[in-house]
Structure formats: structure tokens, C-alpha cells
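Step one of this worksheet: look at the structure below.
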Amino acid sequence: KASGDTQFAKHRDAWLRGLLSLRIPGRGFRAAPHHISEMEFFNGESWFALATYIDFDPNNAAVAGALETLDDHLMQRYADPWNILFYSWGMMAAERRYATTRDEKFLSFIVFQTKAYLEHLKPAPDGKQRVNCAGLEGLVSAPRVLGAHVIKFPNLVKRLNDLINTELPKNLSRQVRPGQNRIDLGGGAYLSSSRLSGYAGAFLESIANPVTRIDLTGHCLSAMMMLESMPADD
């Protein structure tokens with residue numbers, strides 16, 4: 001869109017048609033054409049994709065029509081029971097939809113989901129947990145919206161900011177540094193590898209499972225970019 005280059009327009013349209021074809025009428029999304037039921041993870045991803053797409057192409061009738069029913073269906077479906085697999089993608093989608101429509105129902109959904117996250121998981125990071133960049137994306141979405149309503153939700157915003165400030169350093173400590181060739185395991189033990197420095201910038205899943213994954217690193221980069229755009233505290 002920025003360059004005016006249209007060489008990928010056909011591919012983008014095909015992708016969109018493919019995504020919409022996986023929609024179960026009046027409900028969510030299949031993971032694949034041969035699946036008969038919707039799935040939490042793919043519901044969240046697809047909702048976020050369409051919520052982002054409509055912002056770049058607001059006159060797209062197919063996407064607008066899908067969102068008319070999808071918004072309410074997913075917010076009702078994941079109100080009870082709450083689902084961790086849906087959480088982060090759903091929060092990012094609700095943030096986009098609220099920014100686009102200013103409909104208070106998305107704000108209410110964000111508040112509910114945030115309280116449910118804090119209640120169900122009661123996260124208490126201790127430095128030994130797995131990297132939680134995917135969860136951090138959802139956590140960052142909430143204060144980016146609720147910060148403008150801090151008078152209504154002061155305690156919730158504070159709890160979120162405190163949690164983010166605890167989670168972020170833990171996640172950053174799992175990033176492979178330039179020239180790094182060992183991983184401290186604690187208690188004087190360490191893992192040494194001459195190949196480790198070749199993965200500089202990537203994130204390790206955990207100390208107990210020191211592997212890198214491109215999707216994990218992508219979530220971490222996304223979370224950090226989202227944090228960069230958060231309004232500064234007063």
C-alpha cells in the first residue's frame with residue numbers, strides 16, 4: 001500500500017478468499033477444510049487478521065460482512081468458558097476493533113478477558129518459566145486500550161503494568177546475545193555450544209528447553225514493538 005506496488009494483489013485476494021472459505025457460517029473458523037468444528041487458536045488468529053484487514057481496506061464488503069457476525073459470536077463464545085488459547089489473539093483483535101469502531105462492547109470484552117487472565121492463571125513469574133511473549137502480546141493490548149480509561153479501571157491497569165514489567169525482563173533474558181556461546185542453567189551448571197552465537201537475536205523457549213523457534217521469536221518482537229507504542233505513564 002505504501003509503495004503502490006500491486007504485484008501481490010492477486011495473492012492477497014486469494015489469501016482472503018481462502019480464509020473466508022474456512023469460516024463456518026454464523027460461527028468461527030476451521031483449522032483446515034477437512035475439519036468440521038471451529039478451534040480456539042484459529043478463531044483468534046483469523047479474527048485478528050480480518051480486524052487488521054478491514055482497517056486497510058474499509059470498503060471491502062466481504063470482510064465487513066464477516067465481522068458483523070464474527071465479532072459478537074467470538075465475544076460470546078469465549079466469555080464462558082474463558083480460553084487461554086484464544087486470549088492473546090482475541091485481545092489484539094478486540095483492540096483493533098475498538099480502535100476502528102469505538103464500540104463499547106469491545107472495551108467490555110477486553111476488561112472481562114483481562115480479569116479472567118489474572119484470575120485463572122494467577123501468574124507469578126519466577127524466572128524459571130517458559131518465555132511468554134505470546135501471552136505478553138495480549139497483556140500489552142489491554143493497557144493500550146484501558147490506559148485511556150484509567151479512571152474507571154485504575155487497579156486493573158496497575159496490575160497489568162506491574163505484570164508486564166515483570167514478564168518483559170524475564171523474556172529479554174532468554175534472548176541470545178551476539179557472541180554468546182553458553183547458557184547458564186543455574187547452580188554453576190551451563191550449556192556450551194559454539195553454534196549458539198549463530199542464533200543471536202532469537203529467543204530460547206526456556207532454560208530447561210533451550211531451543212529457538214521462529215514463531216516464538218516473532219511473538220517476542222511483536223510484543224516489544226507493541227510496548228514501544230504504549231503511551232508513557234503520567
Run the numbers on D55 and T100 for side-chain hydrogen bond (donor to acceptor under 3.5 Å, both in side chains), then give the verdict.
CA-CA 7 Å; D55 287 345; T100 302; 2.5 Å; yes
What is the ring orientation for H11 with F8, classed by angle as parallel under 30°, tilted 30 to 60°, or perpendicular over 60°?
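Plane angle between 30° and 60°, so tilted.
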Is the [atom1] atom of [X] crowded by more than 12 outside heavy atoms at less than 6.0 Å?
X	atom1	answer
K158	NZ	no
Y199	OH	no
R159	CZ	no
R195	CZ	no

Which is it for T6 and R12 under the side-chain hydrogen bond (donor to acceptor under 3.5 Å, both in side chains) test, yes or no, and what are the steps along the way?
CA-CA 10 Å; T6 61; R12 184 172 60 250; over 6 Å; no
Gap between atom [atom2] of [Y] and atom [atom1] of [X] - 0.5 Å precision:
X	Y	atom1	atom2	answer
E45	W89	CD	CH2	5.0 Å
L107	T101	CG	OG1	10.5 Å
W82	Q113	CH2	CD	7.0 Å
H149	E104	NE2	CD	6.0 Å
E95	I110	CD	CD1	6.5 Å
R77	D72	CZ	CG	15.0 Å

Which of these passes ring pair (Phe, Tyr, Trp, His ring centres under 6.0 Å) with F86: F41, F42, F48, Y78?
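Among F41, F42, F48, Y78, the one that satisfies the ring pair (Phe, Tyr, Trp, His ring centres under 6.0 Å) with F86 is Y78.
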If you look at every heavy atom in [X] and [Y], which pair is closest and at what distance?
X	Y	value
M39	A31	SD-CB, 3.4 Å
T114	L156	CG2-CD1, 3.7 Å
R174	S206	NE-CA, 4.3 Å
I54	A64	CD1-N, 3.8 Å
S88	G138	OG-N, 3.5 Å
R27	E38	NE-OE2, 2.9 Å

Single-linkage hydrophobic cluster, 4.5 Å side-chain cutoff, [X] and [Y] together:
X	Y	value
L67	W15	yes
L136	L221	yes
I84	V111	yes

Could you go step by step and tell me if M92 and T52 meet the side chain to side chain contact (heavy atoms under 4.5 Å, CB included) rule?
CA-CA 10 Å; M92 290 189 289; T52 302; over 6 Å; no
Is the backbone of [Y] close enough, under 3.5 Å, to the side chain of [X] for a donor and an acceptor to pair up by distance?
X	Y	value
H120	A116	yes
S222	G218	no
S46	N43	no
N181	S197	no
D184	G186	no
N165	N161	yes

Would you kindly say whether D71 and W47 are connected by a side-chain donor-acceptor distance under 3.5 Å?
yes
Donor-acceptor side-chain pairing of R30 and S21 below 3.5 angstrom:
no
Find out whether [X] and [Y] are in side-chain contact, i.e. whether some heavy atom of one side chain is under 4.5 Å from a heavy atom of the other.
X	Y	answer
C220	Q175	no
N60	L16	yes
L191	P210	yes
L19	Y53	no

Please test F106 against R97 for side chain to side chain contact (heavy atoms under 4.5 Å, CB included), starting from the C-alpha separation and ending with a verdict.
CA-CA 7 Å; F106 297 107; R97 295 299 287 146; 3.5 Å; yes
Apply the test side chain to side chain contact (heavy atoms under 4.5 Å, CB included) to residues L196 and V176: give CA-CA distance (whole Å), side-chain angles for both, the deciding distance (0.1 Å), then the verdict.
CA-CA 8 Å; L196 184 60; V176 180; 4.0 Å; yes
Kindly indicate whether a cation-pi arrangement holds for R182 with Y190, taking the cut-offs as under 6.0 Å to the six-membered ring centre and within 45° of the axis.
yes
Using the rule given for side chain to side chain contact (heavy atoms under 4.5 Å, CB included), can you reason through Y87 versus L139, listing the C-alpha separation, both sets of side-chain angles and the distance that settles it, and then say yes or no?
CA-CA 9 Å; Y87 173 72; L139 290 173; 3.6 Å; yes
